Amino acid sequence: MEKEYKMSAARAQELQEELNYLKTTRSDEVAEQIKVARGFGDLSENSEYDEAKNEQGKLYSRIAELEVILQHVVIVDESNAPTDVVTIGCKVTVADSAGKELPPYSIVGSQEADPMHGLISEESPFGKALIGAKEGQTVTVEAPSGPITYTVQKIER
């Protein structure tokens, strides 16, 4: 079974736009770099050519990655999600075991995750522990340093 990539419609659109840019504009730029580098002579000692070919490899790799993601994307419809349970698309405020409230986190799909900006993947240990929890419920996160408990304080849409 292929992996599903859960994300918002906006994020899916961003990835589609990136794919279109890479296949058109960026692909043409890299092809031009290779063409110019070939003009410098002997390809066996041509660092510009090697660099352009490396860039082409990275480009093709990213294009293939985006195509797979977009083929298996699942758009999360947040409008009919329950409001009393943690799901993708909600904002969760938790408190640690000492009762200290942490800044709110948004639960998102793996392609949208950015922990430094409070966007937590539903596939991360923290996200997995929170999914399905209700306000007032205590959850345990399996961390490398050992289990950590949090209490869900507030769930927002």
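The figures here come from the full heavy-atom set of this structure, side chains too, leaving out hydrogens, waters and symmetry mates. Quick caveat, the model's predicted, so the values are computed rather than measured.
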Of all heavy-atom pairs between [X] and [Y], which one has the smallest distance, and what is that distance?
X: Ser110; Y: Ser121; answer: CA-OG, 3.6 Å
X: Arg157; Y: Gly89; answer: NH1-C, 3.8 Å
X: Thr140; Y: Pro147; answer: CG2-CB, 3.6 Å
X: Gly132; Y: Gln137; answer: O-OE1, 4.3 Å
X: Val139; Y: Ala129; answer: CG1-O, 3.4 Å
X: Arg62; Y: Leu15; answer: NH2-CD2, 4.1 Å

What do the steps show when you test Arg38 against Lys35 for side-chain contact (heavy atoms from CB on, under 4.5 Å), and what is the final call?
-> CA-CA 5 Å; Arg38 275 191 179 144; Lys35 181 180 172 186; 5.9 Å; no

Can you measure from [atom1] ([X]) to [atom2] ([Y]) and round to the nearest 0.5 angstrom?
X: Lys23; Y: Leu59; atom1: NZ; atom2: CG; answer: 11.0 Å
X: Leu66; Y: Gln71; atom1: CG; atom2: CD; answer: 11.0 Å
X: Ile107; Y: Thr87; atom1: CD1; atom2: OG1; answer: 9.0 Å
X: Thr151; Y: Leu102; atom1: OG1; atom2: CG; answer: 10.5 Å
X: Leu19; Y: Leu22; atom1: CG; atom2: CG; answer: 6.5 Å
X: Gln16; Y: Ile69; atom1: CD; atom2: CD1; answer: 11.5 Å

Step through the shown structure and confirm whether more than 12 heavy atoms of other residues, nucleotides or ligands are within 6.0 Å of OH on Tyr60.
->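 No - once you tally the heavy atoms of other residues, nucleotides and ligands closer than 6.0 Å, there are 12 at most.
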
With sequence neighbours excluded, give me every salt bridge (Lys or Arg N to Asp or Glu O under 4.0 Å) pair touching residues 132-141.
->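 Sorted result for residues 132-141: Asp84-Lys134.
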
ILVMFWY cluster, [X] and [Y] together (side-chain gap under 4.5 Å):
X: Ile148; Y: Ile120; answer: yes
X: Tyr150; Y: Ile131; answer: yes
X: Val74; Y: Leu70; answer: no
X: Ile75; Y: Val108; answer: no

Worked verdict on Glu112 versus Glu122 for side-chain contact (heavy atoms from CB on, under 4.5 Å) | CA-CA 10 Å; Glu112 297 176 272; Glu122 42 100 22; over 6 Å; no

Side chains of [X] and [Y]: does their closest heavy-atom pair fall under 4.5 Å?
X: Val36; Y: Gln33; result: no
X: Glu123; Y: Lys6; result: no
X: Val85; Y: Ile155; result: no

Salt bridge Glu55-Arg26, side-chain N to carboxylate O under 4.0 Å =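 A salt bridge is present here (some side-chain N lies under 4.0 Å from a carboxylate O).
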
Is any NZ, NE, NH1 or NH2 atom of the basic residue among Lys154 and Glu101 found under 4.0 Å from an Asp or Glu carboxylate oxygen of the other?
->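 Glu101 and Lys154: not salt-bridged.
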
Ring geometry between Tyr105 and Phe126 (parallel below 30°, tilted from 30 to 60°, perpendicular above 60°) =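 Rings of Phe126 and Tyr105: perpendicular, over 60°.
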
What's the verdict on side-chain contact (heavy atoms from CB on, under 4.5 Å) for Glu14 and Met7, showing C-alpha distance, side-chain angles and the deciding distance?
-> CA-CA 11 Å; Glu14 287 174 12; Met7 65 185 72; over 6 Å; no

I would like to know whether Tyr49 and Ile34 meet side-chain contact (heavy atoms from CB on, under 4.5 Å); could you show each step before the answer?
-> CA-CA 6 Å; Tyr49 180 77; Ile34 291 171; 3.8 Å; yes

